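Just so it is clear, the values below take in all heavy atoms, side chains as well, and ignore hydrogens, waters and symmetry mates. Naming convention: chains lettered A, B, ... in sequence-line order (proteins, then strands); numbering from 1 in each chain. Predicted model only: the values in this text are computed from it and were never measured.
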Amino acid sequence: EPEVTQTPSHQVTQMGQEVILRCVPISNHLYFYWYRQILGQKVEFLVSFYNNEISEKSEIFDDQFSVERPDGSNFTLKIRSTKLEDSAMYFCASSGGGHYTDTQYFGPGTRLTVL
Amino acid sequence: GESVGLHLPTLSVQEGDNSIINCAYSNSASDYFIWYKQESGKGPQFIIDIRSNMDKRQGQRVTVLLNKTVKHLSLQIAATQPGDSAVYFCAEKSGTGRRALTFGSGTRLQVQP
């Protein structure tokens, strides 16, 4: 069964450093997403990406964040200058693009720890 | 503001019993709802979904009920098993053109053997 994969599973970084989180969405999907989950809290939407551009983003997704699809299979989230409060699980998701019932399938997540 | 929330943070049931997990939502424009299961250290796993033009949808051992009048969503799990122990989230997609999911705060289901 196709699944979303993410690397690394755990990333530790120093405050102020740049990190890139990587995802391989399900191969025939058209929409890609990043969500985050701070420990013990809700899953929060960050950004969606379609046709090589951002289609939607939340207030969390400020100028420190960027997304890219550098090739036909990878989808990345970059945080330019990490802050302590960026520590969270980051989930990538993808969906096929149906109008109403567009199920989003999630990857296993990357745990980002900012020291 | 608009939100999706859960009534009970923890639900403990006996193995073999039926479980009911509830969710309230406040956005009347929401047109699609999904239940996800999240096991420790893993990503949300799709369980079942329902469109706003439906009241009920059944899957394998799971049923989702939607009551739009009171903006309430429930997930029923039949014959709960130890493997069902996890945190369950409801999520909604609101408005035409928006694909962002708004997640509830989650209910932890504990299945006692």
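The environment of CZ in A:Arg69 is crowded: more than 12 heavy-atom neighbours from other residues, nucleotides or ligands sit within 6.0 Å. At most 12 non-hydrogen atoms from other residues, nucleotides or ligands lie less than 6.0 angstrom from NZ of B:Lys56. Residue-environment remark: CD (B:Gln60) stays at or below the threshold of 12 foreign heavy atoms within 6.0 Å.
A:Leu30 and A:Tyr35 fall within the same hydrophobic cluster, defined by Ile, Leu, Val, Met, Phe, Trp and Tyr side-chain heavy atoms under 4.5 Å apart, directly or through other members. Residue A:Met15 is grouped with residue A:Ile79 when hydrophobic side chains (ILVMFWY) are merged at heavy-atom distances under 4.5 angstrom, including chains of intermediate members. Hydrophobic clustering (side-chain heavy atoms under 4.5 Å, transitive across Ile, Leu, Val, Met, Phe, Trp, Tyr) keeps A:Val24 apart from B:Phe46. Tracing side-chain contacts under 4.5 Å through hydrophobic residues (I, L, V, M, F, W, Y), one reaches A:Phe45 starting from B:Phe89; they form part of the same cluster.
Rounded to the nearest 0.5 angstrom, B:Gln38 CD and A:Met89 CE are separated by 7.5 Å.
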Apply side-chain contact (heavy atoms from CB on, under 4.5 Å) to A:Gln104 and B:Lys93, showing your working.
CA-CA 11 Å; A:Gln104 295 181 25; B:Lys93 183 176 75 71; 5.7 Å; no
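Between A:Phe91 and B:Gly43 the shortest heavy-atom distance is CE2-CA, 3.3 Å. Listed here is the closest heavy atom pair of B:Phe103 and A:Val43: CB-O, 3.4 Å. Across all their heavy atoms, A:Lys42 and B:Gly104 have their closest contact at CG-O, 3.5 Å.
Stacking of B:Arg99 on the aromatic ring of A:Tyr33 is not recorded, the 6.0 Å distance cut-off and the 45° axial limit not both being met.
Taking the six-membered ring wherever Trp is involved, the centroid distance between the rings of A:Phe106 and B:Tyr36 falls below 6.0 Å.
At a 4.5 Å heavy-atom cutoff, the contact between A:Gln37 and chain B is made by side-chain atoms alone. With a threshold of 4.5 angstrom between heavy atoms, A:Thr103 approaches chain B through its backbone and through its side chain.
Of the listed residues (B:Ile50, B:Asp49, B:Leu101), the greatest number of heavy-atom pairs within a distance under 4.5 Å of chain A belongs to B:Leu101.
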